Amino acid sequence: MLDSLTPSQIQSAEKTLAAGTWAITAGAVLFSVLTVTPLVERVTPADWTWTAPILPLVVDAAVVIVVRLDAVVARLGGRSGPWPAVLRWMTGLMTLLLNVGDSALKNDLVGVAVHAVAPLLLIVTAEAGLAYRRAISAALERIERSRATAQAEREQREQAEREHERQTREHAEHTAREHAERLERERAEREISERAAEREHTARMERERLDREAEVRREQREFEDRVRREAQERDDVLRREQREQAERSRRERAAIAPPAPAAQGAGEGEAVNTDYHLPNVGLNSGELVLRKLPETEARSYIASFREGERTVRQLAEDTGWSVGWVAARVQEAREERATEQAEPAEAVA
């Protein structure tokens, strides 16, 4: 039954016991003082009658000490030994004898019985209170042990549950970590394979691009070579025709030109700059030019030669035009040939 009580209920019962014990003790002490004092006065000299209350007060103080200390020792669950019991019984008997002494001397049995009630009640209350306190202390100790055991078992269960939860959580985390690591490895392997495939595709595309560029360059070179060959052939044919035409023109002009006058005597100086009716003499060539070629024929004649075949001075002597004019026409012919060679390359690109 005590196991079902709460600590507050047990403390309330212990307070009730203490309050009742002290109430009985206080009443017994007061009754003892009032009963014993007249008896002590009769056996005390007249000059010392004022000391009569001291004896019951001393005995009652011993009773208070016994009751209080027995309560403390019992609450602590200890044993005080034989002397406290001797003191308890001695104070109780002294209180009983002092209270019934006056009635006993008068052979008043009713007074003896009446005056014995308070001391006997005090003695029995002290012993019963001590027993109650010891029982309560033992019960509280048993309850505390039971609760401590239950608390320990509950803590063990909670510890076991926490350990199980921790192991379960660690296992779940380990499983999740392994799964994440496996996914990461798979992703890394997939990325590596994708990068390798991408590099292979890029390399293949680069090789194909280089092959196409090489093929385009080869075709362009072949086309440029063919165009240059065709242009060279056309230029050769054109120059050959122009040279033939220029040669025919010179022969025709030479055939229709008047004969040169006879040279003057040795004493006359050689004419260097004759009038416009006489031909000019070339400085570096012995060929005689009768007159200037027309501009169209002179341009065709100049364009019929490749660069470097004849000098500007030779072309000027052949056509009868000035060196500056011939140099300008040579530059124009060079630019036209460069433009003609650039156009096929742009068409191929």
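The structure displayed is predicted, hence computed values, not measured ones. The first residue of the sequence shown is numbered 1, and numbering continues consecutively from there.
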Original post:
Checking salt bridge (charged side-chain N to carboxylate O under 4.0 Å, His left out) for the pair Arg209/Glu213: CA distance, chi angles, key distance, verdict?
Top reply: CA-CA 6 Å; Arg209 185 183 66 80; Glu213 291 179 356; 2.3 Å; yes
Original post:
Which heavy-atom pair separates Trp321 from Pro294 by the least distance, and what is that distance?
Top reply: NE1-O, 4.2 Å
**OP:** Quick one: which residue pairs count as a salt bridge (Lys or Arg N to Asp or Glu O under 4.0 Å) with a foot in residues 322-334, not counting sequence neighbours?
**Re:** Arg299-Glu332, Glu307-Arg334, Arg329-Glu332
Original post:
Above 12 or not: heavy atoms from other molecules or residues under 6.0 Å from CD of Glu200?
Top reply: no
Subject >> Contact summary for Ala316 and Val326, nearest pair of heavy atoms >> reply: CA-CG2, 3.7 Å
Original post:
With the 4.5 Å side-chain cut-off for hydrophobic clustering, are Val112 and Val114 part of the same group?
Top reply: no
Original post:
Any sub-3.5 Å donor-acceptor pair from Ser300's side-chain atoms to Thr296's backbone N or O?
Top reply: yes
**OP:** Using salt bridge (Lys or Arg N to Asp or Glu O under 4.0 Å) as the criterion, list what pairs up with Glu215, not counting sequence neighbours.
**Re:** Arg218
Subject >> Interatomic spacing from CG in Leu120 to CG in Leu96 - rounded to 0.5 Å >> reply: 5.0 Å
Original post:
What distance do His174 atom NE2 and Glu181 atom CD have between them, rounded to the nearest 0.5 Å?
Top reply: 8.0 Å
**OP:** Find the distance between CD (Glu222) and CD (Glu219) and round it off to the nearest 0.5 Å.
**Re:** 7.0 Å
Subject >> Residue pair Gln220, Arg217: steps toward the side-chain hydrogen bond (donor to acceptor under 3.5 Å, both in side chains) verdict >> reply: CA-CA 5 Å; Gln220 182 177 358; Arg217 287 195 297 272; over 6 Å; no
Original post:
Going from OG1 on Thr311 to CD on Glu317, what distance comes out if it is rounded to the nearest 0.5 angstrom?
Top reply: 7.5 Å
Original post:
What are the two closest heavy atoms between Val312 and Ala327, and how far apart are they?
Top reply: CG1-N, 3.9 Å
Original post:
Does the salt bridge (charged side-chain N to carboxylate O under 4.0 Å, His left out) test come out yes or no for Glu191 and Arg195, once each step is laid out?
Top reply: CA-CA 6 Å; Glu191 289 180 356; Arg195 286 197 296 270; 3.8 Å; yes
Original post:
What's the verdict on salt bridge (charged side-chain N to carboxylate O under 4.0 Å, His left out) for Arg185 and Glu189, showing C-alpha distance, side-chain angles and the deciding distance?
Top reply: CA-CA 6 Å; Arg185 287 195 301 270; Glu189 292 174 357; 5.7 Å; no
**OP:** Taking only Lys NZ, Arg NE, NH1 and NH2, and the carboxylate oxygens of Asp or Glu, determine whether Glu178 and Arg182 approach each other closer than 4.0 Å.
**Re:** no
Original post:
When you check the gap from the basic side-chain N to the acidic O, do Glu170 and Arg166 get nearer than 4.0 Å?
Top reply: yes
Original post:
Distance from Ile192 atom CD1 to Arg187 atom CZ, nearest 0.5 Å?
Top reply: 10.0 Å
Original post:
Per the side chain to side chain contact (heavy atoms under 4.5 Å, CB included) rule, which among Glu165, Arg169, His171, Glu163 passes with Gln167?
Top reply: Glu163
Original post:
Does a sphere of radius 6.0 Å around CD in Glu198 hold more than 12 heavy atoms from other residues, nucleotides or ligands, not counting ones at 6.0 Å or beyond?
Top reply: no
Subject >> Atom pair CD (Glu206) and CG (Asp211), whose distance is rounded to the nearest 0.5 Å >> reply: 10.0 Å
Subject >> Chi angles and distances behind the side chain to side chain contact (heavy atoms under 4.5 Å, CB included) call for Trp325, Glu295 >> reply: CA-CA 10 Å; Trp325 186 87; Glu295 184 177 355; 3.7 Å; yes
Subject >> Stepwise side chain to side chain contact (heavy atoms under 4.5 Å, CB included) test for Met205 and Glu208 >> reply: CA-CA 5 Å; Met205 296 297 293; Glu208 292 177 358; 3.8 Å; yes
